[in-house]
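One structure below.
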Amino acid sequence: MPAVSVDNILALPRVTELAPGSVARPVLSVTTAPTGYEGEGFPVRRAFAGVGLERLDPFIHMDQMGEVDYAPGEPKGTPWHPHRGFETVTYMIDGTMEHQDSNGGGGVISGGDTQWMTAGGGVLHIEAPPEQLVVTGGLFHGVQLWVNLPKSDKLVAPRYQDIAGSKVALLSSPDGGALIRVIAGELDGHQGPGSTYTPITLLHATIAPGASVTLPWNPEFNSLAYVLAGSGLVGSERRPVRDGQLAVFGRGETITIAAADTQDSRTESVEVFILGGKPIREPVAMAGPFVMNTRAEVIQAFEDFQAGRLGSIPAAHEPVD
């Protein structure tokens with residue numbers, strides 16, 4: 001699981017060691033993500049399954065894509081599909097993904113890169129492994145997160161942010177036991193490169209066996225931690241968690257995540273995707289690829305898609321008779 005790493009973690013800026021008396025966030029729940037399939041059949045874990053939207057707001061949905069080691073000919077993607085009313089954030093840890101939309105946006109993301117697509121008023125979109133990966137096979141692992149848009153921004157013009165892994169802010173825990181990648185938002189005064197419509201923070205932390213990290217967390221934000229790999233402990237109550245599990249924290253000023261002293265043979269360290277944001281607190285009406293405020297708006301989105309008002313597939317991608 002390479003993502004972005006460094007040779008000397010102690011040379012990085014360090015998260016401030018918190019003073020005694022900071023209010024630790026309690027762990028409200030730990031849930032296990034069920035497995036499923038997306039697009040043309042690539043395996044996913046549904047990270048938010050079983051958690052109410054009030055605990056997730058402003059987030060809607062998250063899939064862990066893989067981790068899977070494809071044989072030649074096996075890699076799969078998604079067909080062309082529409083989105084409206086939210087943002088998709090695709091963070092690649094291993095492997096490569098190509099993406100394109102009906103507005104001419106797109107590109108290639110690989111280990112440590114993030115593709116941030118604001119669907120806004122509507123866009124057609126495709127994600128697929130590059131031809132070379134289909135031919136050779138290989139490791140594929142990533143995360144796709146859906147971030148809700150406030151009512152005032154539901155119909156903004158679509159846009160892309162291609163965030164190279166080299167642009168993320170890299171931090172160390174005070175003792176050097178954890179590497180923290182700030183993808184978007186702010187942590188302890190350090191700003192990530194992703195630009196957001198609603199205040200959020202996205203992190204990917206690698207925690208060495210036996211190490212622990214306590215992070216300051218905006219009291220106005222909710223707080224979630226999804227374990228991508230390894231096993232550890234969350235909260236001051238040291239509740240056990242393992243890969244494929246989501247911890248939801250309650251109110252407070254800090255969150256604590258620790259790695260178990262020993263990991264399995266496949267895992268060198270604990271890998272955790274940490275996220276939180278200021279709740280939008282607006283009604284959510286969601287159906288398939290559309291996230292709106294009312295059922296009528298969802299029906300309108302389907303009608304606009306069927307009428308071709310969300311864009312058209314570029315000619316180069318149209319099927320050949």
Side-chain angles (χ1 to χ4, degrees), residues 1-7 9 33 35-39 42-48 59 61-70 74-78 88-99 107-117 127-130 132-133 136-147 161-171 178-185 192-194 201-209 213 224-232 241-246 257 259 263-275:
M1 188 178 292
V4 176
S5 58
V6 294
D7 293 329
I9 191 172
T35 58
Y37 292 90
E38 190 57 72
F42 63 84
V44 296
R45 282 175 162 173
R46 308 293 191 189
F48 291 166
F59 309 116
H61 173 84
M62 190 168 85
D63 280 340
Q64 180 183 8
M65 305 181 296
E67 181 178 3
V68 58
D69 195 358
Y70 283 121
E74 287 187 339
K76 299 176 176 66
T78 66
T88 63
V89 181
T90 305
Y91 174 57
M92 288 302 299
I93 299 167
D94 286 297
T96 302
M97 178 78 83
E98 293 182 338
H99 54 98
V108 179
I109 52 174
S110 56
D113 298 339
T114 301
Q115 173 240 351
W116 198 300
M117 185 184 78
E127 297 166 305
Q132 180 182 355
L133 181 63
T136 64
L139 197 59
F140 181 88
H141 190 197
V143 173
Q144 185 170 96
L145 172 70
W146 291 13
V147 184
Q161 298 176 74
D162 281 317
I163 303 170
S166 59
K167 300 297 184 182
V168 302
L170 300 179
L171 308 174
L179 171 63
I180 303 158
R181 307 162 186 86
V182 185
I183 300 167
T201 295
L202 300 183
L203 314 173
H204 172 196
T206 301
I207 308 172
V213 60
L224 313 164
Y226 180 78
V227 182
L228 298 164
S231 59
V241 291
R242 56 175 172 78
D243 61 296
Q245 291 190 321
L246 176 77
I257 304 171
Q263 302 293 326
D264 63 40
S265 59
R266 301 178 298 109
T267 308
E268 293 184 6
S269 302
V270 173
E271 306 287 346
V272 189
F273 196 66
I274 306 168
L275 61 162

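Only a predicted model underlies this, so the values are computations on that prediction, with no experimental measurement involved. Scope of the values below: all heavy atoms of this structure, side chains included, with no hydrogens, waters or symmetry mates.
The one candidate from Ile183, Ile93, Leu203, Leu246 that meets the side chain to side chain contact (heavy atoms under 4.5 Å, CB included) condition with Phe273 is Ile183.
For Asp113, there are no salt bridge (Lys or Arg N to Asp or Glu O under 4.0 Å) partners two or more places apart in sequence or in a different chain.
The backbone N or O of Gly244 lies less than 3.5 Å from no partner atom in the side chain of Gln64, so there is not a single donor-acceptor pair.
Residue Met117 holds its CE atom at 12.0 Å from CD of Gln161, rounded to the nearest 0.5 Å. Atom CG of Asp94 and atom CE of Met65 lie 11.0 Å apart (nearest 0.5 Å). One distance of note links CD1 of Ile9 with CG of Leu179; it measures 4.5 Å at 0.5 Å rounding. Rounded to the nearest 0.5 Å, atoms OH (Tyr226) and CD (Glu271) are 13.0 Å apart. Note that NE2 of His99 and CD1 of Ile109 are 5.0 Å apart. Values are rounded to the nearest 0.5 Å.
Side-chain contact check for Trp116 versus Leu145: every heavy-atom pair is 4.5 Å or farther apart. Considering only heavy atoms from C-beta on, Leu139 comes within 4.5 Å of Glu67 through its side chain. Taking 4.5 Å as the limit, every side-chain heavy atom of His204 sits out of range of all side-chain heavy atoms of Val143. Residues Leu224 and Phe48 are in side-chain contact: their nearest non-hydrogen atoms beyond the backbone lie under 4.5 Å apart.
Pairing each heavy atom of Gly112 with each of Val4, the nearest pair is CA-CG2, 4.0 Å. Residues Ile207 and Ala178 approach most closely at CG1-CB, 4.0 Å, considering heavy atoms. Pairing each heavy atom of Pro209 with each of Gln263, the nearest pair is CG-CG, 4.2 Å. Shortest non-hydrogen contact noted between Pro193 and Ala169 is CD-N, 4.3 Å. Here the closest heavy-atom approach between residue Glu127 and residue Gln115 is recorded as OE2-OE1, 3.8 Å. Between Ala208 and Ser269, the shortest heavy-atom contact is CA-OG, 3.9 Å.
With salt bridges taken as basic N to acidic carboxylate O contacts below 4.0 Å, none links Asp63 and Arg45.
Note: Trp146 and His61 have tilted aromatic rings, judged against thresholds of 30 and 60 degrees for the angle between ring planes.
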